[in-house]
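The block underneath contains the structure these notes are about, expressed in structure tokens.
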Protein chains: 2
Amino acid sequence: MTNRQRDIFAWKNGPVKLFLDYIRRYVELTEEEEVFLLSKVKTRKFLKGQFVVQNGEVCKYENFVLSGCLKAFYIDNEGQEHILMFAVENWWIADLGSFISQTPADLNVQCVENCELVQINYNDLQQLYVVIPKLERFFRIIIQKAFVAAQKRIVNNFTLPATDRYLQFREQYPLIEQRVPQYMIASYLGITKEFLSKIRSQLISPKE
Amino acid sequence: MTNRQRDIFAWKNGPVKLFLDYIRRYVELTEEEEVFLLSKVKTRKFLKGQFVVQNGEVCKYENFVLSGCLKAFYIDNEGQEHILMFAVENWWIADLGSFISQTPADLNVQCVENCELVQINYNDLQQLYVVIPKLERFFRIIIQKAFVAAQKRIVNNFTLPATDRYLQFREQYPLIEQRVPQYMIASYLGITKEFLSKIRSQLISPKE
């Protein structure tokens with residue numbers, strides 16, 4: 001093994017393995033393509049509370065979560081925070097509108113826990129699409145799924161009572177409830193913390 | 001010109017030209033690729049009121065609108081209709097969740113006017129992705145835009161008053177307001193017809 005091969009081996013079997021495994025679920029890359037892909041991404045650690053995207057600044061990276069938990073949120077004119085999504089291991093998070101147009105972001109993305117992310121910047125991703133067209137397929141498939149989930153959420157917000165939306169949240173994000181404070185879940189559901197607390201106690205003791 | 005060339009020429013310069021022009025905005029296809037693509041799609045006319053997708057049945061086609069206007073909607077347990085989106089010329093419409101998984105649809109897609117659509121069925125689209133990988137790119141780009149719009153709608157529904165959501169609707173669908181009945185716009189906005197009518201009269205005569 002050359003030094004370079006040893007480096008690549010160590011890198012591919014480190015934390016970034018989760019990222020490669022995730023991509024392998026959708027497309028089959030050659031050894032060479034995997035090495036090129038890894039040469040175009042970087043991993044970065046963030047502390048709880050740090051911002052990965054800030055509104056008013058261009059979202060430079062698509063972010064894949066290796067570990068930790070993040071939230072994407074919008075701040076309204078009254079300064080109130082509205083959580084659009086959470087992301088944990090194996091999820092992607094960014095302000096996609098800002099990223100694809102390279103214009104200032106409307107959203108904020110902030111770490112709810114210490115995080116490690118794989119980051120791909122805009123220009124590198126455009127190059128990756130050209131060199132590894134299979135990545136067009138990969139991103140086409142995962143964005144379709146994200147779109148279907150977003151449409152479902154629009155329908156649910158119109159049609160389901162808050163209790164059912166809470167149950168759906170627990171189904172969609174099974175591991176998050178224990179990891180984030182209740183007020184964030186309430187913000188995601190568009191209800192008050194007090195109302196969420198009432199829903200939860202009714203689900204635990206439905207006869208009360 | 002052979003008969004076949006004449007046929008292709010006539011087809012490409014008929015109504016389907018709108019479809020080719022739309023694709024050409026995003027990717028450049030060779031003459032051969034365009035001919036192959038056209039061999040895998042069909043155009044179909046629908047009358048006002050006809051269903052293109054019905055809930056409970058598998059959504060067989062991705063649909064591109066050559067002419068006319070359609071709505072995608074969800075019917076809740078009380079039988080009430082909730083409009084998720086409209087589509088006019090140059091828009092795509094389907095129950096994407098049903099289409100990509102080939103499982104029964106939750107949504108309905110119905111013609112609000114007489115329509116002409118370009119339809120691509122699931123198996124043909126999978127073949128098109130393999131033969132013309134540029135179409136992966138094309139669909140990746142348009143679905144990203146649709147996802148960004150869906151996320152924006154979730155945020156707006158949480159944060160904007162109904163009047164502002166109505167103004168945003170007029171911006172997003174500038175040509176639709178004159179084409180669909182008011183109760184459909186109210187359904188899209190998640191408000192009553194009466195409330196929409198109040199908003200509109202306040203916008204026309206703000207001092208009243």
Side-chain angles (χ1 to χ4, degrees), chain A residues 27 59 62 72-85 92 94-101 103 105-107 125-126 129-130 132-161 164 187-191, chain B residues 27 59 62 72-85 92 94-101 103 105-107 125-126 129-130 132-161 164 187-191:
Chain A
V27 290
C59 173
E62 257 293 4
F73 63 98
Y74 177 81
I75 299 169
D76 68 21
N77 290 337
E78 276 76 47
Q80 212 193 326
E81 173 179 322
H82 300 272
I83 296 181
L84 191 61
M85 68 174 287
W92 293 83
D95 180 325
L96 189 65
S98 165
F99 182 76
I100 61 179
S101 60
T103 56
D106 294 323
L107 299 177
L125 185 54
Q126 305 318 306
Y129 285 138
V130 174
I132 313 173
K134 277 176 267 187
L135 293 176
E136 295 274 15
R137 180 179 181 82
F138 169 74
F139 280 102
R140 195 257 306 159
I141 293 170
I142 64 165
I143 199 74
Q144 278 182 335
K145 289 188 176 200
F147 173 73
V148 170
Q151 273 205 326
K152 197 168 174 185
R153 187 154 169 225
I154 293 170
V155 168
N156 289 349
N157 285 350
F158 271 136
T159 60
L160 292 184
D164 293 354
S187 166
Y188 176 89
L189 296 172
I191 59 178
Chain B
V27 290
C59 173
E62 258 292 6
F73 63 100
Y74 177 80
I75 300 169
D76 68 21
N77 290 336
E78 277 75 47
Q80 213 193 326
E81 174 180 321
H82 300 271
I83 295 180
L84 192 61
M85 68 174 285
W92 292 83
D95 179 325
L96 188 65
S98 165
F99 182 76
I100 61 180
S101 60
T103 56
D106 294 323
L107 299 177
L125 185 54
Q126 305 318 304
Y129 284 138
V130 174
I132 312 172
K134 277 175 267 188
L135 292 176
E136 296 273 13
R137 180 179 181 81
F138 169 74
F139 280 103
R140 196 256 307 158
I141 293 170
I142 63 167
I143 200 76
Q144 277 182 336
K145 290 188 175 200
F147 174 73
V148 171
Q151 273 205 326
K152 195 167 175 187
R153 186 153 171 225
I154 293 170
V155 169
N156 288 348
N157 285 349
F158 272 135
T159 59
L160 293 184
D164 293 355
S187 166
Y188 176 90
L189 296 171
I191 59 178

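So that the names make sense, note that chain A is the first sequence line, chain B the second, and so on, each numbered from 1. Heavy-atom basis, side chains included; hydrogens, waters and symmetry copies ignored.
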The interface call for R153(B) against chain A, heavy-atom contacts under 4.5 Å, is side chain
Max heavy-atom pairs within cutoff under 4.5 Å with chain A, candidates S101(B), A150(B), A72(B), A149(B), goes to A150(B)
All heavy atoms of Y188(A) vs all of F158(B), minimum pair found to be O-CZ, 3.3 Å
Pick from E78(B), Q144(B), Q80(B), K134(B) with the largest number of heavy-atom pairs that fall under 4.5 Å of chain A: Q144(B)
Side chain, backbone, both or neither: which part of L84(A) has an atom under 4.5 Å from a heavy atom of chain B? side chain
At a heavy-atom separation under 4.5 Å, does L107(B) approach chain A through its side chain, its backbone, both, or neither? side chain
Is F139(A) in contact with chain B via its backbone, its side chain, both, or neither, using a 4.5 Å heavy-atom distance? both
I need the R140(B) CZ to I142(A) CD1 distance, nearest 0.5 Å. 10.5 Å
Rounded to the nearest 0.5 Å, how far does NZ of K152(B) lie from CG of L96(A)? 13.5 Å
The interface call for L189(A) against chain B, heavy-atom contacts under 4.5 Å, is backbone
Highest number of heavy-atom pairs under 4.5 Å with chain A among I143(B), V148(B), I100(B) belongs to I143(B)
Nearest 0.5 angstrom please: L160(B) CG to N77(A) CG, how far? 8.5 Å
